[in-house]
Number of protein chains: 2
Amino acid sequence: MRLALIQELKNCLTESVLVGAPTLDIAKTLMKSQDFDLVLIDPGLPGVNPISLFDRLSVIEQVVDASPSATHVVITGSDSVAEAGHCRRFGVAGYVGKTGLMRGLLAEVLQDISQNGFSIRTSPTDQLAADFHYSGLTGREQEILDCMRRRERGMKRKEVYEQIGDRIGVDPATVEKYYKQARAKLLRRGRLPDGI
Amino acid sequence: MRLALIQELKNCLTESVLVGAPTLDIAKTLMKSQDFDLVLIDPGLPGVNPISLFDRLSVIEQVVDASPSATHVVITGSDSVAEAGHCRRFGVAGYVGKTGLMRGLLAEVLQDISQNGFSIRTSPTDQLAADFHYSGLTGREQEILDCMRRRERGMKRKEVYEQIGDRIGVDPATVEKYYKQARAKLLRRGRLPDGI
DNA sequence: TGGAAAAGGGGTGCCGCCCTCCCTTTTTGA
DNA sequence: TCAAAAAGGGAGGGCGGCACCCCTTTTCCA
């Protein structure tokens with residue numbers, strides 16, 4: 001999970017130094033020795049009773065106290081609006097549910113925080129679908145395929161090309177090319193997922 | 001977490017098709033519609049009481065029953081030797097603790113399973129350290145730096161070069177070059193972690 | 001039924017990563 | 001003390017991803 005979040009942060013930050021701590025004690029030691037700009041907290045780590053709200057909030061409070069100058073974002077598997085409220089009172093700037101946390105969402109959250117000072121994204125209870133990966137696809141092809149599978153039904157592909165192209169700063173025709181390339185690869189392997 | 005595991009599998013499998021399911025129901029539907037060679041199971045997903053051994057084993061049993069022809073590996077945050085034993089009775093081939101699950105370990109587990117039929121890796125309670133990432137490093141540089149930081153003390157760098165080079169199939173001199181490159185980049189940034 | 005959307009393919013230039021081989025100077029340790 | 005280890009750079013080839021350009025044929029639907 002740490003590695004996945006670090007990967008996400010690498011994609012949306014430039015020239016960043018990232019440190020991952022496997023335990024609360026290691027995290028506190030790190031924060032004593034240096035200052036951080038951004039701290040992500042998962043209060044459900046081993047050693048903490050994930051059911052006890054008190055234990056969870058205690059972890060969050062300890063981290064916030066140890067790094068008062070940083071921006072804090074809580075990322076948890078068992079999220080609730082009530083807990084988000086408590087976190088905000090501690091000075092936490094963002095609260096994100098792990099379930100449904102997809103690529104690029106962390107970037108949106110950081111964007112929200114820099115604009116509004118606070119951002120909260122709880123896990124969606126619907127709209128969950130299996131995600132499909134094929135090792136023969138390049139990064140871009142996979143990314144565009146994901147967007148296409150998540151498009152609202154009735155939406156024309158051409159509109160999606162324009163939307164994606166606008167978002168990633170690429171010619172819509174190029175996006176179309178990538179999508180067709182990805183589709184062709186999957187067809188050759190006979191493994192077309194639904195929604196394509 | 002799913003994305004991280006899929007990334008891991010992409011690295012150690014060739015020409016693979018990977019599907020990630022966010023819920024147990026979606027997973028069961030998928031397994032009904034097609035056969036899989038390998039199924040990873042995390043019994044601690046939202047909607048399951050992660051404390052209840054009964055609930056956890058129930059999830060594992062349902063997945064195994066739904067994909068009888070596949071190899072099964074349980075990957076969980078709260079791992080125990082007792083649970084591993086129960087899993088094995090269900091026909092599960094691998095049991096891995098999330099904590100301390102580092103890059104390449106999943107490949108070792110799959111290797112073990114293909115040789116011995118079973119593999120178990122519980123979370124280490126010591127030897128935990130912060131991991132360090134800098135976006136200015138290339139993949140190889142980061143990988144070699146990680147290995148160097150995890151080396152046993154007293155071990156000469158030259159030995160590590162040879163060990164890594166042998167493992168990834170690259171000239172030890174090249175590994176040395178990468179390490180020095182990575183070190184130089186970090187020095188220019190003034191952000192040298194411990195153990196380098 | 002005619003035009004837009006979609007499917008399907010070929011080619012090109014750029015850039016970053018990976019790997020290799022070359023060199024010098026400083027530090028370490030038996 | 002003296003050789004091995006380590007630090008610090010320079011140059012270059014191969015390859016793949018990325019973005020852009022071009023083209024034809026088939027399908028959809030208003």
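First the proteins, then the strands, lettered A, B, ... as listed; each starts at 1.
With distances taken from any side-chain atom of V170(A) to the nucleotides dA7(C), dC18(C), dA19(D), the minimum falls on dA19(D). For K177(A), the side-chain atoms get nearest to dC20(D) when compared with the rest of dC20(D), dA7(C), dC21(C). Here the nucleotide nearest the side chain of K180(A), chosen from dG9(D), dA7(C), dC21(C), is dA7(C). With distances taken from any side-chain atom of T174(A) to the nucleotides dG8(D), dC20(D), dA7(C), the minimum falls on dC20(D). Out of dA6(D), dC18(D), dC19(C), the shortest distance to the side chain of R140(B) is found at dC19(C). Here the nucleotide nearest the side chain of K156(B), chosen from dA7(C), dA6(D), dA19(D), is dA6(D). Distances were taken from every side-chain heavy atom of D171(A) (C-beta onward) to each of dG9(D), dA7(C), dC21(D); the shortest belongs to dC21(D).
Between E159(B) and K156(B), no side-chain nitrogen of the basic residue sits less than 4.0 Å from a carboxylate oxygen of the acidic one, so the salt-bridge criterion is not met.
For dA7(D), the OP1/OP2 oxygens have a side-chain nitrogen or oxygen of R157(B) closer than 4.0 Å. Dashed line: the shortest gap from a side-chain N or O of T138(A) to OP1 or OP2 of dC18(D) is under 4.0 Å. At dC18(C), none of the side-chain N or O atoms of Y178(B) fall inside 4.0 Å of OP1 or OP2 (strictly under the cut-off).
Distance CG (L137(A)) to P (dG17(D)): 10 Å, rounded to an integer number of Å. At whole-Å resolution of the value, CE in M155(A) and C1' in dA5(C) are 15 Å apart. One atom, CD of E162(B), and another, C1' of dA4(D), lie 13 Å apart when rounded to the nearest Å. Atom CD in E176(A) sits about 14 Å away from atom P in dG9(C), given to the nearest Å. Rounded to whole Å, atom P of dT20(C) lies 11 Å from atom CD1 of I144(B). With rounding to whole Å, Q181(A) atom CD is found 16 Å from dC20(D) atom P. One atom, OH of Y161(B), and another, P of dT20(C), lie 15 Å apart when rounded to the nearest Å. With rounding to whole Å, R183(B) atom CZ is found 10 Å from dG8(D) atom C1'.
Relative to the six-membered ring of Y95(A), R121(A) misses at least one condition, a distance below 6.0 Å or an angle of at most 45° to the axis. In this structure, R88(B) forms a cation-pi arrangement with F118(B), its terminal cationic atom sitting closer than 6.0 Å to the ring centre and no more than 45° off the ring axis.
Among all heavy-atom pairs drawn from A70(A) and V39(A), the shortest one is CB-CG2, 3.8 Å.
One side chain, R56(A) or T76(A), offers a donor N or O that lies under 3.5 Å from an acceptor on the other.
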